[in-house]
Amino acid sequence: MKLSVIGAGYVGLTTAACLAQIGHEVFCSESDSEKLAKLQSGGMPLFEPHLEDVIKTVRQAGRLFFGSTEEAIAWGDAIFICVGTPPLANGDADLSAIEGVARAIAKRGSGYRLVIEKSTVPVQTGAQLRKHLSLHSTNGLTCDVASNPEFLREGTSVEDFLHPDRIVIGVDSSRAADLMHEIYEPIVKQEFTCPIHAGCPKRKEPVFLVTDTGSAELIKHASNSFLAMKISFINMVANLCEAVGADVTKVAEGMGLDPRIGPAFLNPGIGFGGFCFPKDVQAFIRIAEKSRCDFSLLKEVEKINQRRVEYFLEKIAKELWVIRGKKIAIWGLAFKPNTDDVRFAPAIALVKSLVGEGAQVRAYDPEAMEKAKSMLPNITYCSNPYDAAEGADAIVIVTEWDEFRVLDWKRLLSTVEHPLIIDGRNVFAPEEISRNGFRYASIGRIDSAPCQPTVGETIDSSSSSAGNRAQEASV
Ligand code: UGA
């Protein structure tokens, strides 16, 4: 099929590339001229695992093109709207980009088009789209509107698109339902060349759920809000564990064994971030308010999350006593691993506060440093975790990148000034840290002091004060 995708952000670019991968001919537009030029010349405006390879393959096969919104509107029988819906000051989703695209389709589109809202939008946006497309149509355009919420996670979006658990579509005509089915048939049947798992056995077929437009829109906001609620819930359980001397990892494990609860999204930390959960929870609260539904449960979810960075700062202050003048290594800036996205990342608020209190911050993130630079100009960016830890009074783990799980402990111990790790993501088992000569503070667990290394494990780190103390301890 000939398909168009408007907007080349995380969602749009993944959608366009994957639709081309399963066999469609796709035209993807981007209004930011710099981004568009980059894409047209084979560059990538963002980091997302596997995406660059997929784009390269489908462009070579002549199934993916980049250009203007006007060209995209002229191209596809179905048009996916994937533009941003950022939060307004009052928490509402800003729908001006969606409205702009609707007007452009109404003005330039002709014949029949299926217009698909893929951007996360409040319930009833589909109805508004339908109304405005018909009000402003000038070239005899007739169209259906479908809602097709995306459930892609940054960092695994290609995998999520091609091997989803469910595909949800909200439609109000059988013609729209048939077209949506045709678009997704290769994914529903899991019949396409998978760029990630070449040669792997066929995957489980996803559920193809057809609803009305409003229900599909609600499924997206309700899903994200529910997951955010799970995170805030476990974060409060973590606080309680700290207060009573219990271990949140064990509590979460025990809870997750109940299939009605499940183990996912029960990792405590310094709060959820990114461009989805914070804005979607806010938008869902606003939708409920406007519909006169008292959804104050979600206000508490939001409040708990907003307090996480503050709580973590208190933890840092408790360990360091005075923050002013301290050298702090920050490991991880992205809102989660495997992405370079720092939008609403807890690291940004945390580092701003630490710098505001007079700390000297040396930061390292495998992918997100370029994007963080404009938001955090007054810190030192480092080329690896050890470089960031140079002379540090504390190492603070903010994002759980795999790279931080496999460390040269001796090198690290000889690099820092004080052997202290404050872990906002519970990356390590406390015993592993203490075995390697560090003091450890993590979330909702019983933390431990460093063990004295046994004779066979004597640490060769004579040049640093931390190493000296560890050696003294071993004598
Ligand atoms: C989220 C949803 O998971 C996707 O299904 C949805 O499509 C997407 O939003 C969207 O609306 O576009 P994403 O924002 O990429 O995806 O990130 P998640 O992996 O869901 O993580 C969100 C945040 O929750 C991160 O800050 C993460 O660190 C935090 N988190 C996650 C926890 O603190 N604890 C957990 O147990 C899980």
Side-chain angles (χ1 to χ4, degrees), residues 7 9-15 46-49 51 82-87 93 117-122 148-161 163-168 216-217 219-238 248-249 251-253 255-256 261-284 301-302 304-306 308-309 311-312 332-350 368 397-401 423-427 443-444:
Y10 285 97
V11 174
L13 210 48
T14 306
T15 302
L46 52 89
F47 167 75
E48 181 64 31
L51 191 54
C82 298
V83 294
T85 52
E117 44 169 40
K118 195 129 190 79
S119 308
T120 301
V121 289
N148 173 214
E150 54 84 18
F151 304 105
L152 312 177
R153 293 160 298 174
E154 288 182 24
T156 53
S157 69
V158 174
E159 168 93 27
D160 291 344
F161 194 99
H163 304 293
D165 304 312
R166 77 248 212 231
I167 295 167
V168 173
E217 290 166 335
I219 286 170
K220 170 64 196 248
H221 265 135
S223 299
N224 274 7
S225 297
F226 188 85
L227 291 171
M229 181 181 72
K230 255 184 128 176
I231 298 170
S232 281
F233 186 90
I234 201 67
N235 280 335
M236 285 314 295
V237 174
V248 70
T249 315
V251 178
E253 189 184 344
M255 287 168 65
I261 298 175
F265 278 69
L266 288 181
N267 300 318
I270 60 171
F272 55 78
F275 205 56
C276 302
F277 282 5
K279 84 173 169 64
D280 288 355
V281 171
Q282 262 185 27
F284 208 38
V301 167
E302 197 186 23
I304 292 168
N305 197 57
Q306 283 163 352
R308 288 317 277 173
V309 168
Y311 144 89
F312 194 57
L333 295 164
F335 82 99
K336 66 171 191 176
N338 302 318
T339 176
D340 60 353
D341 198 346
V342 291
R343 291 173 298 175
F344 298 98
I348 303 297
L350 179 75
I397 303 177
V398 186
T399 316
E400 66 276 35
W401 286 94
D423 185 353
R425 298 291 179 184
N426 288 0
V427 169
I443 308 280

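Quick caveat, the model's predicted, so the values are computed rather than measured. First listed ligand is number 1; within each ligand, the first listed atom is number 1.
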**OP:** Please work out whether any backbone atom (N, CA, C, O) or any side-chain heavy atom from C-beta onward of Ile231 is under 4.0 Å from ligand 1, and answer side chain, backbone, both or neither.
**Re:** side chain

Subject >> Identity and separation of the nearest protein heavy atom to atom 37 (C) of ligand 1 >> reply: Phe265 CD2, 3.4 Å

Original post:
Can you find a non-hydrogen atom of Glu400 under 4.0 Å from ligand 1?
Top reply: no

Original post:
Heavy atoms, side chains only, cut-off 4.5 Å: are Phe161 and Thr15 in contact?
Top reply: yes

Original post:
Taking the side chain as C-beta and beyond, is there a heavy-atom pair between Asn224 and Phe284 under 4.5 Å?
Top reply: no

Original post:
Which one holds for Leu266 and ligand 1: side chain close, backbone close, both close, or neither close, with close meaning a heavy atom under 4.0 Å?
Top reply: backbone

**OP:** Could you check Ile234, Val251, Val248 and say which one makes a side-chain contact (heavy atoms from CB on, under 4.5 Å) with Leu266?
**Re:** Ile234

**OP:** Applying side-chain contact (heavy atoms from CB on, under 4.5 Å) between Tyr10 and each of Leu152, Leu51, Thr339, report the one that passes.
**Re:** Thr339

Original post:
Which part of Glu154 is near ligand 1, with near meaning a heavy atom under 4.0 Å away: side chain, backbone, both or neither?
Top reply: both

Subject >> Proximity to ligand 1 by part of Phe275, non-hydrogen separation under 4.0 Å >> reply: neither

Original post:
Which atoms of ligand 1 sit under 4.0 Å from any heavy atom of Glu150?
Top reply: 7 (O), 10 (C), 11 (O), 12 (O)

Original post:
What atoms of ligand 1 come closer than 4.0 angstrom to any heavy atom of Phe272?
Top reply: 23 (C), 24 (O), 26 (O), 29 (C)

Subject >> ligand 1 atoms in contact with Arg153 (distance to a heavy atom under 4.0 Å) >> reply: 3 (O), 4 (C), 15 (O), 16 (O)

Original post:
Minimum heavy-atom separation for Glu217 to Val121, with atom names?
Top reply: OE2-CG2, 4.1 Å

**OP:** For atom 25 (C) of ligand 1, find the nearest protein heavy atom and state the residue, atom name and distance (0.1 Å precision).
**Re:** Phe335 CD1, 3.7 Å

Original post:
Can you tell if the side chain of Ser225 reaches within under 4.5 Å of the side chain of Val301, non-hydrogen atoms only?
Top reply: no

Original post:
Closest non-hydrogen protein atom to atom 5 (O) of ligand 1, residue and atom name please, with distance?
Top reply: Phe151 O, 3.1 Å

**OP:** Report the nearest protein non-hydrogen atom to atom 17 (O) of ligand 1: residue, atom name, distance rounded to 0.1 Å.
**Re:** Lys336 NZ, 3.1 Å

Original post:
Below 4.0 Å from any atom of ligand 1, is there a heavy atom belonging to Gly273?
Top reply: yes

Subject >> atom 8 (C) of ligand 1 - nearest protein heavy atom and its distance >> reply: Leu152 O, 3.2 Å

Original post:
Got a second to check how far Arg425's CZ is from Phe312's CZ, nearest 0.5 Å?
Top reply: 9.0 Å

Subject >> Under 4.0 Å to a heavy atom of Asp280 - the qualifying atoms of ligand 1, by number >> reply: 11 (O)

Original post:
How does Val11 reach ligand 1, by side chain, by backbone, by both or by neither, if only non-hydrogen atoms under 4.0 Å count?
Top reply: neither

Original post:
When you check the gap from the basic side-chain N to the acidic O, do Lys220 and Glu150 get nearer than 4.0 Å?
Top reply: yes

Subject >> Heavy-atom gap Gly274 to ligand 1 smaller than 4.0 Å >> reply: no

Original post:
Counting heavy atoms not belonging to Tyr311, are there more than 12 under 6.0 Å from its OH?
Top reply: yes

Subject >> Atom pair CG/CD of Asn338 and Glu48 - distance to nearest 0.5 Å >> reply: 8.5 Å

Original post:
Heavy-atom contact under 4.0 Å between Lys220 and ligand 1?
Top reply: yes

**OP:** Record the part of Lys279 in heavy-atom contact with ligand 1 below 4.0 Å; permitted values are side chain, backbone, both and neither.
**Re:** neither

Original post:
Should Val11 and Lys118 count as side-chain neighbours, where that means a heavy-atom distance under 4.5 Å?
Top reply: yes

**OP:** For atom 9 (O) of ligand 1, find the nearest protein heavy atom and state the residue, atom name and distance (0.1 Å precision).
**Re:** Cys276 CB, 3.2 Å

**OP:** State, yes or no, whether a side-chain contact exists between Pro87 and Phe344 at a heavy-atom distance under 4.5 Å.
**Re:** yes

Original post:
At what distance is the nearest protein heavy atom to atom 34 (N) of ligand 1, and which residue and atom is it?
Top reply: Asn267 O, 2.9 Å

Original post:
Where is the nearest protein heavy atom to atom 1 (C) of ligand 1: which residue, which atom, and how far?
Top reply: Phe277 CE1, 3.4 Å

Original post:
How many angstroms lie between SG in Cys276 and CZ in Phe335, if you round to the nearest 0.5 Å?
Top reply: 6.5 Å

